[in-house]
Structures are given as structure tokens and as C-alpha cells.
Amino acid sequence: MKALDEQIVEERALVAGWPTEKGKRRTAFPPVMLDDPRLTRAVRFLERTPAGRIVLEDVAAEVGLSPFHFQRVFLEVMGESPSAYLRRTRLDRAAMNLQMSQLSITSIALNAGYSSPEAFVRGFFSQFGEVPSEFRQKARELLPTASGIAAPPAIPVVTQQRLPVRLLAMRFHGPMPQFQEHWRQFKAYLEDKGLFRADLQAVSIFFDTPMITPPGLYRHDCAVIDTGQDWSGTGLYPHDFPEGRYVNIRHTGNYDRVLGTYAWVSIDWINQTGEAFSPDSNGGYEFHHTAPWAPAGSIRDLDIVLPLDF
């Protein structure tokens with residue numbers, strides 16, 4: 001097995017003279033709430049797991065537009081081309097796996113849809129300005145600091161097999177402090193469509209981590225468990241919570257402290273138990289026991305549910 005320093009040197013040789021987009025100023029961001037049904041379908045198509053080869057014509061056909069028109073609309077609304085979106089989100093997921101898992105660079109490259117580790121190293125360097133092994137080394141050095149703000153280990157943690165659930169979700173973008181506002185917008189949207197009911201089970205879906213993804217690009221889906229209502233013609237999309245093995249941790253208190261609970265379960269607990277998060281998951285989840293659209297400062301009661309590897 002190669003020493004880390006040797007691995008970094010080899011990866012650095014692959015990117016000698018390779019251009020990087022790190023630090024490039026972004027001039028357009030996706031909307032806070034994505035309620036266009038066509039673009040919602042397109043985004044979900046691009047985010048499918050496991051990662052595989054996707055061509056523009058396939059995505060355009062999925063939403064019923066010509067490739068030219070689809071690419072123009074996607075760029076105008078999302079602030080980047082479909083191919084740039086696909087590459088960026090896959091590499092963000094790879095960066096999460098580098099920081100939080102023991103998977104090899106080759107495995108992470110394949111999970112990100114790259115045909116070879118060499119192509120992955122170059123793509124990763126272009127986005128982050130560091131080769132994967134170098135990024136992993138530095139990112140892990142940040143974890144003890146993150147863990148220092150974590151919740152106390154007295155919080156009960158349960159690993160369990162969970163059954164599949166059909167969710168209906170809407171995509172939002174923005175940093176975690178805005179999540180409660182996302183939920184209020186989502187509730188208003190459901191009320192406008194005549195779909196809101198007080199007994200709806202609310203579920204948050206997360207795809208990114210604030211340690212890696214810029215705040216304006218962070219993906220947060222507000223969702224409810226499908227009750228059989230007619231959701232056609234809305235900006236909601238079906239999301240299947242997959243059957244599998246999960247870690248479940250209860251968070252009760254102010255929502256602005258939820259990051260501490262995440263830090264504890266994803267750093268301290270995972271290291272203590274030797275468990276590993278799924279490298280090819282379709283998000284992490286919060287199952288809310290109190291209404292997430294309640295006024296800011298209200299006590300929250302929710303289960304953080306994260307997929308585990310087998």
C-alpha cells in the first residue's frame with residue numbers, strides 16, 4: 001500500500017499544468033425554490049444514483065425539450081450548464097466520501113461516475129484546486145474541530161433497517177440558517193395548491209455538507225410523505241426513501257444547534273463504532289416530529305436518519 005505522501009506526489013504529476021476553477025467568482029446561482037416541473041425532473045435525472053454516463057439528449061428527452069432549448073433554459077435558471085451541474089455535484093459527493101469514508105480513490109472515482117482514477121484526479125483538481133489524497137488529508141484535519149462543537153454522547157443512537165417510503169419533495173437552495181424559511185415557503189406553496197394538511201409528515205432531504213459545498217449551492221429538499229393526494233401539475237417530485245440500514249439519532253431543541261448533533265454522529269459516533277456511511281446514497285434525512293415551519297426559535301423534535309454501508 002502506498003504511503004500518503006507518495007500518493008499525493010503521483011496525483012500531483014497527473015495534474016501538472018492542469019487548469020483549475022477553484023476561486024473562480026460565480027456570477028449566477030440557482031433559485032432559492034425550484035418550482036419548475038421540467039427543471040425539477042431534469043435535476044433529479046442528473047442526480048440519479050448510482051452514477052452513470054448521462055448525455056444531454058437523454059436529459060432533454062426526459063423533460064420533453066430539444067437539447068438546445070433545454071440547455072438554454074437550464075443555464076438561465078440554474079446558473080450553470082447541465083454538464084457543469086452534473087460534474088460539480090458528483091465531485092462534491094466525492095469530496096464528502098474522501099473526508100468521511102475510508103474508501104479508496106479508485107472506489108470513489110467509480111462511485112462518482114468516472115471511468116478511471118486518472119480522469120477523476122484531474123476533474124477533482126479542476127474543481128477543488130487539490131488532488132484527492134491531498135484534499136482528504138487536509139479535510140480530515142478539520143474534523144476534530146467540527147467535533148468540538150458536537151452534542152454530548154448521551155444522545156441515544158439507533159442503527160436499524162428501515163422500510164421504503166414514497167416522499168413528495170421540492171428543491172431549495174441556500175445555507176442551513178435559511179432552512180426554516182424554506183419550510184415556510186414550502187407550506188405556503190402547498191396551501192396555494194390546496195394540498196396542505198396539518199397531519200402531513202414533514203421530511204428534510206440533504207445532499208451536501210456546508211464544509212464542502214458553497215452556501216448558495218447547498219441543496220435542501222422539503223418533502224412530505226405521500227398520502228395519495230393528486231400532486232400532478234405541481235413542482236413536487238417523487239423521491240423514494242430506499243429500504244436499507246440507517247443510523248437514527250434524535251435531536252430535540254433549537255434548530256440552530258442541529259449542526260452539533262450532525263457533527264457528533266458523523267465524526268465521533270462513526271469513528272467509535274467503525275461503521276461507514278453509504279458512499280452512493282441519495283441523501284440524508286430529517287423526519288420531523290414537530291412542524292418545521294413553526295416560528296424561528298421554536299423547539300424542534302426530529303430524527304436525523306443517515307444511510308449506512310452494509
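Computed from a prediction, not measured in an experiment: that's the story for all the values here. Keep in mind that the numbers below use all heavy atoms, side chains included, and drop hydrogens, waters and symmetry copies.
Atom CZ of F206 and atom OG1 of T213 lie 13.0 Å apart (nearest 0.5 Å). If you take OG on S133 and CD on E6, they are separated by 10.5 Å, rounding to the nearest 0.5 Å. Here the NE2-CG distance, from H220 to D208, works out to 11.5 Å after rounding to the nearest 0.5 Å. Rounding to the nearest 0.5 angstrom, the gap separating the CZ atom in R136 from the CD1 atom in I108 is 4.5 Å. Here the CG-CG distance, from L56 to L86, works out to 11.0 Å after rounding to the nearest 0.5 Å. Note that OG of S104 and CG of L110 are 8.0 Å apart. Values are rounded to the nearest 0.5 Å.
Taking the six-membered ring for Trp and the full ring otherwise, the centers of F241 and Y246 sit less than 6.0 Å from each other.
Put simply, F179 and I304 are part of the same group of oily side chains (I, L, V, M, F, W, Y) that touch within less than 4.5 Å, one to the next.
No donor-acceptor pair under 3.5 Å is formed between the side chain of Q99 and the backbone N or O of R140. The main-chain N or O of T159 is never found under 3.5 Å from a side-chain atom of R245 such that the two would form a donor-acceptor pair. Side chain of D240 to backbone of P242: no donor-acceptor contact under 3.5 angstrom is found. Looking at N271, its side chain does come within 3.5 Å of a backbone N or O of I267 through a donor-acceptor pair. Without hydrogens or angle criteria, Q127 side chain to R88 main chain gives a donor-acceptor distance under 3.5 Å. Between the T209 side chain and the I212 main chain, no donor and acceptor come within less than 3.5 Å of each other.
Cation-pi geometry between R171 and F207 is met: under 6.0 angstrom from the ring centre, within 45 degrees of the axis. Judged by the 6.0 Å and 45° rule, R48 forms a cation-pi pair with F45. Because its NZ or CZ atom is both nearer than 6.0 Å to the ring centre of F287 and within 45° of the ring axis, R162 counts as a cation-pi partner of that residue.
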Next on the checklist: Test side-chain contact (heavy atoms from CB on, under 4.5 Å) on V157 and W264; report intermediate values, then the result.
Outcome noted: CA-CA 11 Å; V157 180; W264 186 79; 3.3 Å; yes

Next on the checklist: As a quick check of understanding, evaluate side chain to side chain donor-acceptor pair (under 3.5 Å) for Q7 and E11, giving each step before the final call.
Outcome noted: CA-CA 6 Å; Q7 183 70 31; E11 291 176 9; 2.9 Å; yes

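If you check the side chains of D303 and H289, you find a donor sitting under 3.5 Å from an acceptor. A donor-acceptor contact closer than 3.5 angstrom is absent between the side chains of T273 and E275.
Contact check on E47 versus R219 returns a salt bridge, with a Lys/Arg side-chain nitrogen under 4.0 Å from an Asp/Glu carboxylate oxygen. At a threshold of 4.0 Å, the pair E76-R72 counts as salt-bridged, since one of the basic side-chain nitrogens sits closer than that to a carboxylate oxygen. A salt bridge links E134 with R12: the closest approach of a Lys/Arg side-chain nitrogen to an acidic carboxylate oxygen falls below 4.0 angstrom.
Under the 4.5 Å side-chain criterion, counting only non-hydrogen atoms from C-beta, Y237 is in contact with H239. The side-chain heavy atoms of V77 and D36, taken from C-beta on, include no pair separated by under 4.5 Å. In this structure the side chain of L167 reaches within 4.5 angstrom of the side chain of Y285, judged on heavy atoms. Looking only at side-chain heavy atoms (C-beta outward), L39 and V63 stay at 4.5 Å or farther from each other.
In the hydrophobic clustering, W231 connects to V32, M33, L168, M170, F172, W183, F186, Y189, L190, L195, F196, L200, V224, L236, W293, either directly or through intervening members, whenever side-chain heavy atoms lie under 4.5 Å apart. Counting side-chain heavy-atom gaps under 4.5 Å among Ile, Leu, Val, Met, Phe, Trp and Tyr, V55 is found in no cluster with other residues.
Other residues, nucleotides and ligands place more than 12 heavy atoms under 6.0 Å from the CZ atom of R166.
Of the listed residues (D301, V258, V265), just one forms a side chain to side chain contact (heavy atoms under 4.5 Å, CB included) with H251, and that residue is V258.
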